2 protein chains.
Amino acid sequence: MTKNTSLKEYWENKPRLLPSVSIDCVTLGFHNNQLKILLLKYKNTDYYALPGGFINLDEDLEDAAQRILEERTGLRNIYLEQFHVFGSKNRRNDETHRQIMAGCGIEMKPNNFLLNRFISIGYYALIDFSKAIPSPDELSDSCDWYDLDKIPTLMFDHNEIFSKALETLRTMLDDKLIGFNLLPETFTMNELQNLYETILGEKLVRSNFQRKMLGLGILERIEKKMTGAANKAPYVYKFIGG
Amino acid sequence: MTKNTSLKEYWENKPRLLPSVSIDCVTLGFHNNQLKILLLKYKNTDYYALPGGFINLDEDLEDAAQRILEERTGLRNIYLEQFHVFGSKNRRNDETHRQIMAGCGIEMKPNNFLLNRFISIGYYALIDFSKAIPSPDELSDSCDWYDLDKIPTLMFDHNEIFSKALETLRTMLDDKLIGFNLLPETFTMNELQNLYETILGEKLVRSNFQRKMLGLGILERIEKKMTGAANKAPYVYKFIGG
DNA sequence: TGATTATTGTACCATTTTGATACAATGGTA
DNA sequence: TACCATTGTATCAAAATGGTACAATAATCA
């Protein structure tokens with residue numbers, strides 16, 4: 001979306017986008033020992049949604065995912081990975097689209113680009129919460145973090161897309177060491193364990209978890225961290241890619 | 001594609017298909033202790049390709065994959081799973097399309113549906129080789145099995161699609177027990193081990209493999225199989241879904 | 001008929017990995 | 001200085017894995 005084109009003009013004309021294909025991002029962060037998901041709320045509606053968008057005709061798919069996430073949330077250089085394509089024939093609903101656009105003062109003509117069938121490619125985005133300052137785009141009232149057990153009803157099949165993302169994240173967690181994308185540069189073993197427990201949804205034995213992680217040879221021990229608490233200070237670690 | 005429409009008419013007009021999206025199937029079978037892949041060769045050309053096709057406007061994505069595989073190879077009720085989307089902006093080539101269609105006596109007008117950008121959703125198809133009798137469709141000279149180490153240069157990015165499929169299959173093999181889709185109803189432990197060794201590309205210790213497989217509790221021992229060889233007859237097993 | 005041979009099913013043992021508990025060290029508080 | 005909560009690590013049993021051995025068996029051959 002070029003800067004000198006108004007949002008209204010942009011969506012009321014047929015944009016130069018790849019038809020039929022959208023991208024939706026399941027954007028996860030970790031804060032206060034809780035996994036959080038980033039959701040948009042469309043202006044003047046009750047519709048919550050995953051941040052998503054469309055692919056420019058001259059743009060690689062992976063680049064599009066990065067750009068879309070940035071345009072809709074302000075987040076840059078995020079770890080993104082595609083995990084599934086959602087292609088039920090009735091997964092979308094024209095009336096919802098009309099309401100969303102109307103909320104932004106945009107009228108949709110009957111032949112509008114958006115009113116065709118779309119499949120959506122799901123990406124999960126893993127974010128260092130401490131660095132991320134999400135901000136809503138022009139279509140949205142808000143762009144906020146939600147606890148996973150307090151996700152509102154989402155537009156279309158976005159709840160299903162979220163579930164599949166979480167399931168994929170769980171099975172990939174040990175395999176691809178993607179969890180570290182959710183933590184700051186440095187972290188304690190306790191924080192890492194809390195993250196794993198939250199994602200997997202089960203308690204782990206502390207000593208065994210520590211042994212396993214150190215055994216992977218992907219952690220560099222940096223220094224002690226004086227927490228101020230009345231106990232032994234934990235080491236702080238850095239992830240050094242496997 | 002309706003039966004009373006000729007191939008020529010069909011492709012020279014704009015079909016009622018979902019724009020921008022294609023499906024390509026990496027179709028694998030197992031025969032003579034070798035993994036094989038099913039490839040099409042387009043009529044009167046040197047272009048080899050994965051069997052692929054397009055999605056009808058009123059068709060679920062998963063249904064489309066099944067239909068496409070059947071239309072292009074004659075194979076029905078196949079185990080299919082999507083594994084990756086391929087979306088580089090320059091992954092296709094118009095001239096190749098023109099040649100393929102010309103090989104079938106079909107002229108492509110400049111605004112033909114096929115001459116737009118497409119992303120492709122990769123599915124892998126796992127086949128019981130003994131039941132599969134593939135047959136080429138109207139666009140293809142041949143529809144044949146190839147050894148994995150003798151795959152010709154394929155159209156577009158189809159070699160890359162194949163590689164990603166094999167990689168996915170390897171990592172999923174233990175997780176989802178998908179290997180059994182490549183074997184007949186009943187099989188010996190030796191056949192099962194050969195399959196695993198072929199997919200993983202490494203030798204396994206016979207006794208340990210047997211212990212592991214029996215330990216999964218997913219095999220039913222049927223009967224002894226007299227092979228005619230001068231040695232102890234192996235049992236025959238059936239897969240009983242986990 | 002009985003020795004021979006290749007392959008199968010399983011037992012066995014050593015090594016590694018995992019699960020669970022214990023304990024000394026430490027940074028603070030009372 | 002006693003006490004407390006948490007951390008890093010040791011320890012030990014149980015389970016999983018890697019590797020070898022061996023008896024059973026279905027044929028062949030002398």
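Remember, it's a predicted structure, so these values are computed and weren't measured experimentally.
- For M226(A), taking side-chain heavy atoms from C-beta onward, the closest of the listed nucleotides dT7(C), dG28(C), dG19(C) is dG28(C).
- As a whole-Å value, the separation of E223(B) CD from dT8(C) C1' is 16 Å.
- Q210(A) places its CD atom 12 Å from the C1' atom of dA10(D), with the value rounded to the nearest Å.
- With rounding to whole Å, Y235(A) atom OH is found 10 Å from dT26(C) atom C1'.
- For the pair L204(B) CG and dT17(D) C1', the computed distance is 12 Å after rounding to whole Å.
- At dT7(D), one or more side-chain N or O atoms of N190(A) fall inside 4.0 Å of OP1 or OP2 (strictly under the cut-off).
- Distance, N208(B) CG to dC12(C) C1': 12 Å, rounded to whole Å.
- Nearer the 5' end of DNA chain D, as judged by each residue's closest nucleotide, is the contact made by R221(A), out of R221(A) and A229(B).
- dT5(C) and dA26(D) make up a base pair, with Watson-Crick or G-U wobble contacts both under 3.5 Å.
- Panel note: side chain E197(A), backbone L204(A); a donor-acceptor pair is recorded below 3.5 Å.
- The distance from the OG atom of S140(B) to the NZ atom of K43(B) is 8.0 Å, given to the nearest 0.5 Å.
- Heavy atoms of T188(B) sit nowhere under 4.0 angstrom from any nucleic acid atom.
- Between F118(A) and F54(A), the gap from one ring centroid to the other is short of 6.0 Å.
- Between R211(B) and dG19(D) there is no side-chain N or O to OP1 or OP2 distance below 4.0 Å.
- Side-chain to base pairing of R206(A) with dG8(D): one donor and one acceptor N or O lie within less than 3.5 Å of each other.
- Map G228(A) and K212(A) each onto its nearest nucleotide of DNA chain C; the residue landing nearer the 5' end is K212(A).
- With D60(A) contributing its side chain and K89(B) its backbone, the two residues share a donor-acceptor pair below 3.5 Å.
- Rounded to whole angstrom, the span from the CZ atom of F209(B) across to the P atom of dT17(D) amounts to 13 Å.
- Looking at S207(B), its side chain comes within 3.5 Å of the base of dT20(D) through a donor and an acceptor atom.
- The closest donor-acceptor contact from the side chain of S163(A) to the backbone of N159(A) lies under 3.5 Å.
- Here dT10(C) presents its P atom at 15 Å from CD of Q193(B), a figure rounded to the nearest Å.
- Between dT7(D), dG9(C), dT28(D), one nucleotide has an atom nearer to the side chain of A230(B) than all others, and that is dT28(D).
- Across all strands, G215(B) comes closer than 4.0 Å to no nucleic acid atom at all (heavy-atom distances).
- One atom, CG of N231(B), and another, P of dG9(C), lie 10 Å apart when rounded to the nearest Å.
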